[in-house]
Amino acid sequence: LIVRCVTISRFIFPVIFLIAGSTPALPGLQQAVQAPPPAGPIPAQQAAIPANPLAIVVLDPAHGGADTGARGASGIVESDVVLSFARLMRPALEEQGFRVLLTRQANEDPSFDERSQIANGQHGVIFISLHVASTGPTGTVRVYSFPQPSAPDLTLTSGLIPTNLIRWDHAQEAYLDSSRQLAQLVQAQMAQRFPGSPETAETAAVRQLRTVAAPAVAIEVSSVSLPDRSPLDQMGLGLAQGVASAVAAFRPIYAAGSK
Ligand SMILES: [Zn+2]
């Protein structure tokens with residue numbers, strides 16, 4: 001359900017948060033504060049890429065807890081379906097060499113900021129929020145990135161960021177281009193695998209994406225308005241493989257953008 005998620009937050013962010021090393025301004029410092037690599041052997045190909053290779057995918061099964069998201073007349077619940085999608089995407093992404101973090105493991109409901117924080121505390125990371133719509137042609141998938149703000153904050157979009165301080169409510173603004181590219185890669189995979197899906201990704205002011213300081217997209221599958229869940233469940237593997245292929249194809253784009 002993107003519609004409700006699009007509503008611009010009425011909350012005013014009272015505090016300026018530190019996002020250390022998330023800007024491209026100070027590569028030396030960025031390396032100095034870079035988290036140690038995950039345990040286990042690193043494939044030679046990954047080890048050869050110098051700065052901030054894409055290593056981590058945060059999967060966000062949206063909603064959860066009391067917030068079920070979209071709910072169909074037959075009882076299909078968005079928050080359940082997106083969790084099952086995330087659980088299928090995890091091994092597909094791990095097979096491509098990525099570390100995968102979920103914003104929720106079961107039916108809890110972390111806040112938007114708690115979910116963003118999982119990505120914002122990492123280097124070499126992207127964020128993918130998962131939704132099921134209440135409408136739309138059965139078996140189709142739409143991919144969104146965050147739109148350009150109507151009055152862009154030039155200190156954030158010009159690349160001339162004087163410090164490593166970024167306000168969380170503007171966190172996504174430095175990543176709009178790369179998010180759009182990621183959205184397009186995912187949308188192209190979805191169009192191949194799920195006929196009737198659009199060829200081109202769109203933008204939507206999805207609240208969750210706004211506070212993510214990394215390339216971030218929302219994926220929305222149609223729909224909960226089915227007599228039973230099986231058509232959605234049958235999409236799970238194709239979704240997982242499509243997302244994994246798209247994220248793997250995004251690696252060189254991410255590497256170029258992080259230098
Ligand atoms: Zn939703």
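First listed ligand is number 1; within each ligand, the first listed atom is number 1.
- Taking the Zn ion (ligand 1) as reference, the nearest N/O/S atom within His131 carries the name ND1.
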Side chain to side chain donor-acceptor pair (under 3.5 Å) evaluation trace for Arg142 with Ser222: CA-CA 8 Å; Arg142 279 155 304 284; Ser222 288; 2.4 Å; yes

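- Distance check for Glu220 against the Zn ion (ligand 1): none of its N/O/S atoms falls below 2.8 Å.
- The side-chain heavy atoms of Val57 and Met89, taken from C-beta on, include no pair separated by under 4.5 Å.
- The N, O or S atom of Glu78 lying closest to the Zn ion (ligand 1) is OE2.
- Remark: Arg210 fails to qualify as a cation-pi partner of Phe112 under the 6.0 Å distance and 45° angle criteria applied to the six-membered ring.
- Donor-acceptor pairing under 3.5 Å is lacking for the side chains of Asp113 and Ser111.
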